[in-house]
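Scroll down for the structure; my scribbles are underneath it.
The structure presented is a predicted model; accordingly, all values stated were derived computationally and were not measured. Note: hydrogens, waters and symmetry copies are ignored here, and every other heavy atom, side chains too, is used. In what follows, chains carry the letters A, B, and so on, assigned in the order in which the sequence lines appear, proteins first and then strands, with residues in each chain numbered from 1.
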Amino acid sequence: MTDIIDGAALDGSVIPSAEPRTPPPGDPHLILIDGSGYIFRAYHALPPMTRPDGTPVNAVFGFAQMLEKFLNQHSSSHIAVVFDSARQTFRQEIYAAYKAHRPEPPEELIPQFALIREATEAFGVAQVELPGYEADDLIACYAKAFEAEGGRVTIVSSDKDLMQLVRERVIMLDPIKQKPIREPEVLEKFGVPPNKVAEVQALAGDPTDNVPGVPGIGIKTAATLLTEYGDLESLLARAGEIKQPKRRELLLTHAEQARISLRLVTLDCDAPLPLPVETLVARSPEPVRLAAFLAENNFRTLLARLGLGDGAPPNRPRPVAAPLADEPADPLEIPFGNYDCVTDLETLKTWVAKGRAAGVIGLDTETNSLDALAADLVGICLAVAPGKACYIPLRHAGADLLTESPAQIPAEAAIEALRPLLEDPAVLKVLHNAKYDLEVLANPKNGGIQVAPLDDTMMISYALEAGAHGHGMDELSQLHLRHKPISFDEVTGTGRARIPFAHVPLDRATAYAAEDPDVTLRLWHTLKPRLREARALALYEQVERRMIPVLAAMEQAGVKVDGQELARIGTDFGERLVVLEAECHRLAGRAFNVGSPKQLGEVLFDEMGLKGGKKGKTGAYSTDASVLEDLAAQGNPLPRVVLQHRQLAKLKSTYVEGLTAQIAADGRVHTDYSLASTSTGRLASTEPNLQNIPIRNEEGMKIRRAFVAEPGHVLMSADYSQIELRLLAHLAEVPTLREAFEKGEDIHSRTAAEIFHLDPANVDKEARRRAKTINFGIIYGMSAFGLGGRLGIPAGEARGIIDAYFAQYPGIRNEMERLKDEARMKGYVLSPFGRRLWIQDIGAKDPVRRAGAERQAINAPFQGGAAEIIKRAMVRTPRALREAGLKTRMLLQVHDELVFEVPEAEVEAAGATIRKVMEGVAELRVPLLVEVGQGASWAEAH
DNA sequence: TCTTGAGCGTAC
DNA sequence: GACGTACGCTCAAGAT
């Protein structure tokens with residue numbers, strides 16, 4: 001399962017270095033614009049210009065003007081502008097003087113670089129850069145990748161260094177002379193074909209880049225020599241044979257310099273691709289965005305030329321380099337609806353062809369179940385462009401038993417026709433909540449399709465705006481597209497009137513179903529570019545997107561649960577509950593429902609006269625555990641019995657019965673992890689929730705013993721020790737806590753010694769308990785009142801402890817204040833790895849709500865940082881296990897713990913591999929420590 | 001009869 | 001008012 005994405009989305013390079021494919025229809029053509037060349041020319045060609053706010057913009061204006069003109073004159077299926085992203089590259093390591101005398105860019109140009117990137121995005125053109133690589137290298141990489149896919153490539157640049165890339169399907173275009181450069185032009189310039197250009201340059205050198213070459217040898221001589229000797233190495237090897245003594249001497253003396261020069265001028269075409277080739281697909285600019293950009297920079301002539309000026313549209317700008325000639329320019333104006341229902345194979349094939357030509361498609365499935373692992377595929381929907389979508393019914397039935405099934409393509413035939421598209425490494429599939437559809441389609445009964453490569457708009461939204469709002473498709477559609485999609489309930493009805501989707505008439509099914517991939521594709525166009533702007537692209541590509549197949553595999557694997565054991569526990573609990581209930585009734589003097597807090601409150605407070613005020617806005621008595629504990633301490637026996645009843649009732653209903661109902665035919669329980677439901681980046685687990693299985697007391701532990709391994713296997717648990725406190729020591733830079741973690745000391749004892757000024761040997765249990773409470777309380781933003789309540793001491797005394805804590809650890813207080821300020825200023829706080837965690841209510845007038853938001857702001861980075869660390873471990877561990885030749889499977893994640901099923905023979909190797917990955921996944925200022933255990937059950941693995 | 005929210009308790 | 005993040009169960013009241 002993980003394999004389908006691994007090679008693709010993971011490193012950004014979806015293009016395998018396989019045989020060239022048959023070119024898809026529609027002439028795949030990638031235009032790569034050398035952004036640096038454009039910038040340089042724009043800057044020097046135009047006199048200084050500034051915006052009203054004083055920002056220099058002459059290069060931005062020139063760049064935008066040139067780009068607009070170019071897009072107006074050329075069109076292609078794919079396009080990108082490539083920028084340099086480093087002064088320090090591998091070339092400086094080879095030869096320190098490389099480009100050493102290049103002056104720093106002029107001061108007025110520096111603030112314009114960012115604006116130029118904005119301009120590129122505003123025109124709807126992808127921009128590519130990669131730290132440590134020059135634009136030329138990236139151009140080489142993308143040319144190679146696209147050519148391997150059967151496409152052709154045009155490089156727009158006048159940089160002669162790029163001429164080495166010219167070949168049959170790769171040409172250059174000189175942007176000044178508007179002249180194509182093919183092999184003859186290269187031959188004319190260098191006297192050799194393109195594949196020898198680098199060697200000529202290696203001999204001749206290049207003063208502008210400080211490439212030394214061999215003194216006294218120019219391009220002409222170099223070409224002659226290479227033609228005679230074949231290649232540089234042969235020439236250097238046989239230099240002694242050269243007749244002219246001077247030339248011979250020079251070559252012999254400077255042979256090594258020539259070799260170094262060759263490495264400097266040879267472009268590196270094996271760099272990772274920062275963006276998948278598919279995302280470079282040409283698209284029309286969003287008029288609103290483009291107009292906003294042009295207006296912001298006061299580019300009125302361009303606004304006017306594009307028909308975007310004041311009182312602009314109705315005159316829509318013409319499509320610029322649009323992939324489909326008949327696509328209108330503004331996605332917001334393309335109507336929803338009017339979708340095709342595909343019921344014959346010929347039509348389906350045309351949709352498959354359209355999808356391949358588009359390179360990016362929206363995809364969604366319709367099924368008969370929310371449970372991905374159980375669902376039968378009922379239909380598939382595709383979108384090939386905004387507004388162009390279809391529904392392909394596969395297993396629709398008549399509305400009732402008397403009505404015949406509607407005509408549709410036999411499911412197997414349709415699936416086989418779609419498989420090449422859905423598995424095509426050159427077609428990016430965009431889904432919303434991809435994990436679900438991946439699992440449905442991977443199921444053999446639904447075709448066993450391995451969808452790749454993919455993007456997930458839910459995860460894109462989550463990477464951008466966790467905590468700001470939900471990430472369901474309907475919500476995002478209304479938020480970003482101002483469109484309310486047809487709801488599922490509208491189509492199927494609700495309650496007992498609900499009909500299975502397979503029975504919905506095809507016209508209504510199509511109107512609903514095809515809208516989903518249409519919305520998804522439009523959301524992708526809107527949201528994907530924002531990842532870069534929010535500095536969230538790496539988070540999305542390297543963590544969130546990779547989690548999808550990892551979690552799918554974990555869900556599919558499931559964990560074995562001993563149903564008979566659960567049944568025995570349930571019987572035991574049931575018998576004891578009967579006794580406890582009778583005892584409650586006896587102590588109350590009457591029968592009542594012990595499970596009803598309302599009735600219990602009446603018994604305890606109205607009838608028995610115990611004291612304990614009201615709570616909550618409903619005015620009801622609170623009867624929670626802390627209240628009952630207090631009452632029990634007063635000497636009344638009933639609360640104690642109720643507490644015991646509550647505990648067993650909880651275990652029986654939620655864990656014994658709830659869990660038993662979830663055991664699948666394979667004897668295992670398959671949870672559903674949600675990837676985008678928390679505000680901090682944590683996962684959540686549902687149906688069943690396997691992240692809150694009891695562990696803290698003996699009765700609860702019995703449940704955990706029912707989680708077992710297959711025969712011949714053990715369960716292995718690996719959990720991060722004190723990860724959030726380590727993050728506290730890391731983020732707040734607390735030297736003494738760092739030292740304690742480095743030495744492996746007991747962190748709470750160390751804290752106790754420091755805040756209570758005790759000799760470490762004299763820290764007793766109570767002091768340690770208080771220190772532990774405050775350590776965790778800090779991470780939760782706890783107040784003196786809360787701490788006092790927790791410790792059972794007056795708030796004043798708790799205040800003293802907190803003051804002592806902050807006096808000892810001023811860095812922590814500073815960090816807490818900084819986080820609150822950050823949230824107030826920006827509306828979000830940054831996690832330790834840069835994720836934006838949005839905080840609701842931080843600007844609320846209501847002080848209660850605002851205080852709550854401040855606690856969230858304090859807690860979110862710690863919780864979110866820990867979540868990110870374990871996610872990184874999760875995307876690496878399966879691969880590491882595989883590469884170690886192990887069959888160990890990762891089954892569960894519980895926030896700071898991973899659970900594996902390990903063949904007995906692999907225990908040692910798996911433990912070592914897992915620990916190594918988990919501990920090495922982040923470099924903090926304190927070490928990460930992972931505790932590993934194993935046993936026949938989850939209880940024993942701890 | 002079904003849906004919804006409160007109250008409670010489980011985990012990290 | 002007072003400790004962050006989740007999910008699921010039962011009860012009870014209100015909607016259908």
Side-chain angles (χ1 to χ4, degrees), chain A residues 466-467 494-498 592-601 615-628 642-643 645-659 661-662 671-674 677-697 699-701 703-704 719-720 722-725 773-791 795 798-799 819 837 839 846-864 866-867 870 892-897 938:
Chain A
T494 56
R496 56 176 18 191
R498 166 161 276 160
F592 71 101
N593 185 345
V594 187
S596 164
K598 182 166 176 279
Q599 292 181 35
L600 177 64
K615 241 193 195 173
K617 42 198 152 186
T618 55
Y621 295 113
S622 170
T623 66
D624 68 21
S626 68
V627 171
L628 296 182
V642 171
L643 283 168
H645 186 279
R646 284 237 179 109
Q647 182 191 21
L648 291 188
K650 173 80 170 181
L651 292 174
K652 184 163 186 278
S653 67
T654 302
Y655 297 105
V656 175
E657 291 161 0
L659 207 50
Q662 297 281 351
T671 187
D672 181 4
Y673 287 105
S674 54
S677 62
T678 73
S679 56
T680 56
R682 268 193 185 179
L683 300 180
S685 158
T686 63
E687 288 183 291
N689 181 356
L690 296 184
Q691 292 181 319
N692 70 345
I693 301 301
I695 192 171
R696 291 174 185 172
N697 63 60
E699 296 298 339
M701 202 61 140
I703 304 290
R704 232 165 234 254
D719 70 284
Y720 283 108
Q722 312 280 24
I723 188 165
E724 293 189 1
L725 284 177
T773 302
I774 187 172
N775 269 335
F776 283 114
I778 288 294
I779 290 171
Y780 296 148
M782 195 196 273
S783 66
F785 181 92
L787 180 66
R790 246 310 154 96
L791 292 176
R799 180 80 256 161
L819 287 168
L837 301 164
I839 307 296
D846 178 357
V848 178
R849 289 163 64 123
R850 197 171 60 241
E854 289 174 353
R855 290 193 296 274
Q856 285 177 37
I858 289 170
N859 174 257
F862 299 105
Q863 198 179 113
I870 198 166
L892 303 175
Q893 188 252 42
V894 193
H895 308 310
D896 64 359
E897 173 190 13
W938 197 1

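Here the side chain of S685(A) pairs a donor or acceptor atom with the backbone of L690(A) at under 3.5 angstrom. Here the side chain of Q599(A) pairs no donor or acceptor atom with the backbone of F592(A) at under 3.5 angstrom.
The interatomic distance linking L819(A) (CG) with dG4(C) (P) rounds to 15 Å, in whole Å. When rounded to the nearest whole Å, the span between CZ of F785(A) and P of dA2(C) equals 8 Å. In this structure, R646(A) atom CZ and dG8(C) atom C1' are separated by 16 Å, rounded to whole Å. The nearest whole Å value for the distance from the CD atom in E687(A) to the C1' atom in dC9(C) is 14 Å. Protein atom CG of L651(A) is 13 Å distant from nucleotide atom C1' of dG8(C), rounded to whole Å. Atom CZ in F776(A) sits roughly 16 Å away from atom P in dG4(C) (whole-Å rounding). As rounded to whole Å, 11 Å separates atom P of dA11(B) from atom CD1 of I703(A). dA11(B) atom P lies 14 Å from atom CG of L690(A), rounded to whole Å.
Checking the phosphate oxygens (OP1, OP2) of dC2(B), no side-chain nitrogen or oxygen of T494(A) falls inside 4.0 Å. Look at S622(A) and you'll find a side-chain N or O under 4.0 angstrom from OP1 or OP2 of dC8(B). Neither OP1 nor OP2 of dC12(B) sits under 4.0 Å from any side-chain N or O of Q893(A). For K598(A), a side-chain nitrogen or oxygen approaches OP1 or OP2 of dA13(C) to under 4.0 Å. A close approach under 4.0 Å does occur between a side-chain nitrogen or oxygen of S596(A) and OP1 or OP2 of dA12(C). Phosphate contact (OP1/OP2 of dT10(B), side-chain N/O of Q691(A), threshold under 4.0 Å): absent. Regarding contacts with the backbone of dA11(B), a side-chain N or O of R696(A) is found under 4.0 angstrom from either OP1 or OP2. In this model, the phosphate group of dT5(C) is not approached by any side-chain N or O of R682(A) to a distance below 4.0 Å at OP1 or OP2. Taking only side-chain nitrogens and oxygens, R855(A) comes nearer than 4.0 Å to OP1 or OP2 of dG4(C). The phosphate of dC11(C) (OP1 or OP2) has a side-chain N or O of N593(A) nearer than 4.0 angstrom. Of the side-chain N and O atoms in T623(A), none sit less than 4.0 angstrom from OP1 or OP2 of dG7(B).
Looking at heavy-atom distances under 4.0 Å, L683(A) makes no contact with the nucleic acid at all. Residue contacts shown for E724(A) are absent, as no nucleic acid heavy atom lies under 4.0 Å away. When heavy atoms are screened at a 4.0 angstrom cut-off, A625(A) is found touching the sugar-phosphate backbone but no base atom. Looking at heavy-atom distances under 4.0 Å, G786(A) makes contact with sugar-phosphate atoms alone, never a base.
Distances from the side chain of H895(A) to the nucleotides dC12(B), dA12(C), dG8(C) place dC12(B) closest. Listed candidates were dC9(C), dC7(C), dT5(C). Nearest to the side chain of A684(A) is dC7(C). When each of dT5(C), dT10(B), dC7(C) is scored by its nearest atom to the side-chain atoms of S674(A), the top-ranked nucleotide is dC7(C). The side chain of P597(A) approaches dC8(B) more closely than any other nucleotide in the set dC9(C), dA12(C), dC8(B). With dC3(C), dT10(B), dT10(C) as the candidates, the nucleotide lying closest to the side chain of N692(A) is dT10(B). The side chain of S783(A) has dA2(C) as its nearest neighbour among dG8(C), dA2(C), dT5(C).
Here the CD-NZ distance, from E699(A) to K652(A), works out to 14.0 Å after rounding to the nearest 0.5 Å. Remark: D672(A) CG to N689(A) CG distance equals 11.0 Å, nearest 0.5 Å.
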| request: Give the C-alpha distance, both sets of side-chain angles, the deciding distance and a yes or no for side-chain hydrogen bond (donor to acceptor under 3.5 Å, both in side chains) between R799(A) and S783(A). | output: CA-CA 8 Å; R799(A) 180 80 256 161; S783(A) 66; over 6 Å; no

| said: Please determine whether side-chain hydrogen bond (donor to acceptor under 3.5 Å, both in side chains) holds for the pair N697(A) and Q647(A), giving the CA-CA distance in whole Å, both sets of side-chain angles, and the decisive distance to 0.1 Å. | reply: CA-CA 10 Å; N697(A) 63 60; Q647(A) 182 191 21; 3.0 Å; yes

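Rounded to the nearest Å, the gap between the P atom of dG7(B) and that of dG1(C) is 14 Å. For the P atom pair drawn from dA6(B) and dA2(C), the interatomic distance equals 15 Å after rounding to whole Å.
Between Q863(A) and V848(A), the one whose closest nucleotide on DNA chain C sits nearer the 5' end is V848(A).
For the 3.5 Å distance criterion, the side chains of T680(A) and Q863(A) qualify, holding a donor opposite an acceptor.
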